[in-house]
Number of protein chains: 2
Amino acid sequence: MLMDTRQLAAFCAVVERKSFSQAAERLGVTQPAVSLQVRSLEKRLGQKLLDRSGRRVEPTEAGLALYRGAQRLLALEGQLLDELAAGSEGELSGTLEVGASTGPGSTVVPVLLCEFQRENAGVAISLSISDTQTVVDRVAERELELGVVGAARRHRGVAFELFLRDEVVLACPPGHRFAGKTIDLDDLRDEQLIIMQEGAGVRQVIEDELRGAGTRLRDLEPRLELGLQESARSAVVAGFGVTFISRAAIEADLAAGTLAVARVKGLDPSREISLVRSAGRSSTRAAEAFVAFARAKLG
Amino acid sequence: MLMDTRQLAAFCAVVERKSFSQAAERLGVTQPAVSLQVRSLEKRLGQKLLDRSGRRVEPTEAGLALYRGAQRLLALEGQLLDELAAGSEGELSGTLEVGASTGPGSTVVPVLLCEFQRENAGVAISLSISDTQTVVDRVAERELELGVVGAARRHRGVAFELFLRDEVVLACPPGHRFAGKTIDLDDLRDEQLIIMQEGAGVRQVIEDELRGAGTRLRDLEPRLELGLQESARSAVVAGFGVTFISRAAIEADLAAGTLAVARVKGLDPSREISLVRSAGRSSTRAAEAFVAFARAKLG
DNA sequence: CGCCATGCATAATGGATGCTTATGGACACG
DNA sequence: CGTGTCCATAAGCATCCATTATGCATGGCG
């Protein structure tokens with residue numbers, strides 16, 4: 001920007017009032033100040049902008065062109081300032097970029113985002129599902145604004161806050177002998193236990209809980225390791241066994257009566273789902289609104 | 001304009017380079033200067049514009065909005081500066097406002113203006129015909145940029161310059177006994193002399209010339225006073241008499257053979273047609289170009 | 001024409017602003 | 001942990017800008 005805004009403002013005031021003194025009065029400065037400003041502008045642009053004859057000041061051809069252009073600049077600036085001021089209020093807009101690991105990514109998060117978006121049409125949602133570590137890394141690099149993950153190694157540059165507590169239950173077919181019961185750990189030895197692959201958040205939770213009960217997962221002799229949550233769920237619905245799984249992941253099945261749950265004595269498995277944010281990043285209004293919305297929904 | 005251009009420039013440089021130091025380098029100032037400028041801008045707008053975390057500086061939501069708006073402002077400003085610079089060259093534009101008194105206004109001036117406009121399509125022409133005094137007044141008041149008039153009283157605030165010398169001839173029908181001759185003043189007493197109304201420029205010229213020859217217009221006993229130039233010309237074409245008239249006004253008739261001219265011994269009438277400009281007014285390029293064009297045409 | 005009022009230009013001066021230098025604190029990397 | 005990089009902050013100085021005072025030009029009036 002080569003033009004000095006005060007000079008431009010002074011020039012415009014002179015054009016409008018056709019007088020240096022009156023322009024000065026309007027701007028709250030003295031006449032010589034206006035005189036100097038306009039002269040500086042004329043020097044800078046290398047053109048005579050005003051005809052000064054006796055009592056009357058009039059723009060030259062170049063002066064008129066500058067005045068018109070200045071009005072456009074001023075209008076645009078006013079608009080910009082209004083947008084900035086209005087930015088702190090009014091309708092939410094922009095794109096909310098969220099990453100989630102597979103667990104929360106396939107259950108709670110999409111639903112919450114869809115509901116939120118329905119209430120805030122001006123916001124565009126971008127959800128990407130990755131493994132926990134990738135989500136965290138991308139949040140740290142500011143590629144994502146929010147992450148929703150289970151257990152994660154601490155990572156510099158990001159902050160974790162509890163988002164929701166995810167209860168892990170033992171799912172079984174609805175007519176199963178475990179349905180609605182509280183069983184012993186030993187009862188599990190005679191059942192076909194379906195487990196998820198290494199690295200799945202729920203598997204880690206269960207391993208930790210069993211360890212606390214003096215058992216190891218492999219002592220239960222699981223013969224079906226079926227990858228991720230959705231595979232395990234489907235197998236149980238189809239009657240091939242039972243599995244530990246996030247209650248949130250089977251809410252619909254429970255409501256539909258296609259699955260039932262049991263509890264295991266001595267085990268109280270749950271895990272924390274965390275919200276991840278980049279430590280030095282100011283939140284967008286959309287992100288803040290989503291988080292508040294989600295917390296209200298999750299209770 | 002509330003925004004300081006240097007602060008805006010500093011802010012934009014930081015956004016682009018994602019670094020205060022690099023922005024400072026680009027702007028040719030020190031890092032603290034940029035730091036202060038951006039902070040001043042943040043304070044003025046009441047919003048945090050940049051996330052400053054470790055090695056990396058990133059715009060906040062508001063910062064991004066400001067940056068985008070600033071780019072629009074910069075683009076518009078660049079455009080304006082280009083227009084101003086180009087204003088001294090390239091195609092002529094704008095409206096050229098000319099006033100003329102009836103004599104020149106009905107002959108030379110319209111033709112010149114039309115020819116000029118044909119060569120400068122970007123220029124719009126506005127010609128208004130009035131009596132001499134009105135033309136001069138309006139030029140003085142900057143309502144017209146140029147005036148073209150015959151004899152006029154000096155007027156403060158306007159400058160007169162010779163535009164063309166208008167020869168006054170005695171017009172008669174083509175087969176008339178005067179056609180192509182040099183007659184005596186006395187020969188006019190037996191002719192039907194048609195004169196223009198009081199105030200017409202040509203009439204004044206003739207009165208002055210006759211006075212110099214020791215005669216008065218009324219000694220010639222004119223019985224037809226026919227208003228202005230065009231009325232007189234028509235009457236002569238129709239054979240009702242002879243009249244003194246501007247040669248320029250009958251060039252077409254002479255070429256067509258519908259009128260002829262004679263000279264009168266002892267009379268050499270002509271008058272100066274002046275160009276009038278407002279004394280304190282800078283000329284538009286279009287006006288300058290027209291004047292140069294006209295002078296070249298008038299030789 | 002002369003006088004007076006008005007209004008812009010210019011010079012001198014003082015205060016505010018803005019930039020620089022020096023330094024401290026935070027962060028990233030080896 | 002030590003080092004280097006980078007932004008923030010404080011202090012000091014130079015520059016800039018606005019003000020006051022004054023000169024010059026123009027316009028209006030008697």
Side-chain angles (χ1 to χ4, degrees), chain A residues 1 3-11 13-15 17-44 48-60 63 137 140-142 154-159 278-282, chain B residues 1 3-11 13-15 17-44 48-60 63 137 140-142 154-159 278-282:
Chain A
M1 261 204 207
M3 288 193 281
D4 187 278
T5 57
R6 277 167 304 179
Q7 291 172 357
L8 212 47
F11 167 73
V14 173
V15 171
R17 306 300 286 264
K18 298 187 188 301
S19 155
F20 279 73
S21 308
Q22 290 180 35
E25 193 175 319
R26 179 200 277 187
L27 296 171
V29 295
T30 58
Q31 170 263 314
V34 173
S35 185
L36 289 167
Q37 281 168 351
V38 171
R39 198 164 64 155
S40 182
L41 190 58
E42 281 178 320
K43 186 179 175 188
R44 179 169 306 188
K48 188 182 188 197
L49 301 173
L50 296 169
D51 282 331
R52 303 154 170 83
S53 52
R55 298 292 172 85
R56 177 131 158 195
V57 182
E58 290 282 347
T60 60
D137 285 342
E141 295 301 316
R142 296 177 71 113
R154 298 289 103 171
H155 190 292
R156 295 169 63 175
V158 293
S278 174
R281 185 170 184 176
S282 304
Chain B
M1 256 200 210
M3 289 192 282
D4 186 280
T5 56
R6 279 167 302 183
Q7 290 172 358
L8 212 47
F11 167 74
V14 173
V15 171
R17 304 302 284 271
K18 297 186 189 302
S19 155
F20 278 73
S21 308
Q22 289 181 34
E25 194 175 318
R26 178 199 277 188
L27 296 170
V29 295
T30 58
Q31 170 264 316
V34 174
S35 186
L36 290 168
Q37 282 170 349
V38 172
R39 199 166 63 155
S40 180
L41 189 58
E42 281 176 320
K43 185 179 172 187
R44 177 167 305 185
K48 187 182 188 197
L49 302 173
L50 296 171
D51 283 329
R52 304 155 168 84
S53 51
R55 298 291 173 88
R56 177 134 158 195
V57 181
E58 290 281 348
T60 60
D137 285 343
E141 295 302 316
R142 296 177 70 114
R154 298 290 101 174
H155 191 293
R156 293 171 63 173
V158 294
S278 173
R281 185 170 183 175
S282 304

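Heavy atoms only: backbone and side chains are in, while hydrogens, waters and symmetry mates are out. What you see is a predicted model, and the numbers here were worked out from it, not measured in a lab.
- Partners of B:Gln22 according to the side-chain contact (heavy atoms from CB on, under 4.5 Å) rule, which considers only residues two or more places apart in sequence or in another chain, are B:Arg17, B:Ser19.
- Take A:Glu58 and apply the salt bridge (charged side-chain N to carboxylate O under 4.0 Å, His left out) test, not counting sequence neighbours, and it matches A:Lys18, A:Arg56.
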Using the 3.5 Å cut-off, write out each protein N or O paired with an N or O of nucleotides 20-24 of chain C and the distance between them.
| from | atom 1 | to | atom 2 | distance (Å) |
| --- | --- | --- | --- | --- |
| C:dT20 | OP2 | B:Thr30 | N | 2.8 |
| C:dT20 | OP2 | B:Thr30 | OG1 | 2.6 |

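- Applying the 4.0 Å criterion to OP1 and OP2 of C:dC19, one finds that B:Gln37 has a side-chain N or O inside that range.
- When the local axes at the two ends of the helix from C:dC1-D:dG30 to C:dG30-D:dC1 are compared, using 5 base pairs at each end, they differ in direction by 30° after rounding to 10°.
- Side-chain contact check for B:Arg6 versus B:Val29: every heavy-atom pair is 4.5 Å or farther apart.
- Across A:Ala140 and A:Ser278, no two heavy atoms sit closer than the pair O-OG, 4.1 Å.
- B:Pro59 approaches B:Leu50 most closely through the heavy-atom pair CA-CD2, 3.9 Å.
- Using a 4.0 Å heavy-atom criterion, one finds that A:Ser19 contacts the sugar-phosphate atoms exclusively.
- In this structure, B:Ser35 does not reach the D:dC7 phosphate: none of its side-chain N or O atoms is under 4.0 Å from OP1 or OP2.
- In this structure, A:Lys48 atom NZ and C:dA9 atom P are separated by 10 Å, rounded to whole Å.
- The distance from atom CD of A:Glu25 to atom P of C:dT6 is 14 Å, rounded to the nearest whole Å.
- In this entry the distance linking CG of A:Leu50 with P of C:dG7 reads 16 Å, nearest Å.
- If you take CZ of B:Phe20 and P of C:dC19, they are 14 Å apart, rounded to a whole angstrom.
- For the pair B:Ala10 and B:Val34, the tightest heavy-atom approach, listed with the atom from each and the gap, is CB-CG1, 4.3 Å.
- Between atom CG of residue A:Leu27 and atom CZ of residue A:Phe20 there is a gap of 11.5 Å, rounded to the nearest 0.5 Å.
- Distances shorter than 4.0 Å separate some side-chain N or O of B:Ser21 from OP1 or OP2 on D:dC7.
- Separating the CD atom of B:Gln22 from the P atom of D:dC6 is a distance of 7 Å, rounded to the nearest angstrom.
- Side-chain N/O atoms of B:Arg39 include one lying less than 4.0 angstrom from OP1 or OP2 on D:dT9.
- Rounded to a whole Å, the CG atom of A:Leu49 is 16 Å from the C1' atom of C:dC8.
- The interatomic distance linking B:Lys18 (NZ) with C:dC27 (P) rounds to 20 Å, in whole Å.
- The side chain to side chain donor-acceptor pair (under 3.5 Å) analysis of residues 26-41 of chain A, with sequence neighbours excluded, yields the pairs A:Gln7-A:Ser40, A:Glu16-A:Arg26.
- When rounded to the nearest whole Å, the span between CG of B:Leu41 and C1' of C:dG18 equals 15 Å.
- Partners of A:Asp51 according to the side-chain contact (heavy atoms from CB on, under 4.5 Å) rule, which considers only residues two or more places apart in sequence or in another chain, are A:Lys48, A:Thr60, B:Arg142, B:Arg281, B:Ser282.
- The phosphate of C:dA9 has OP1 or OP2 within less than 4.0 Å of a side-chain N or O from A:Arg52.
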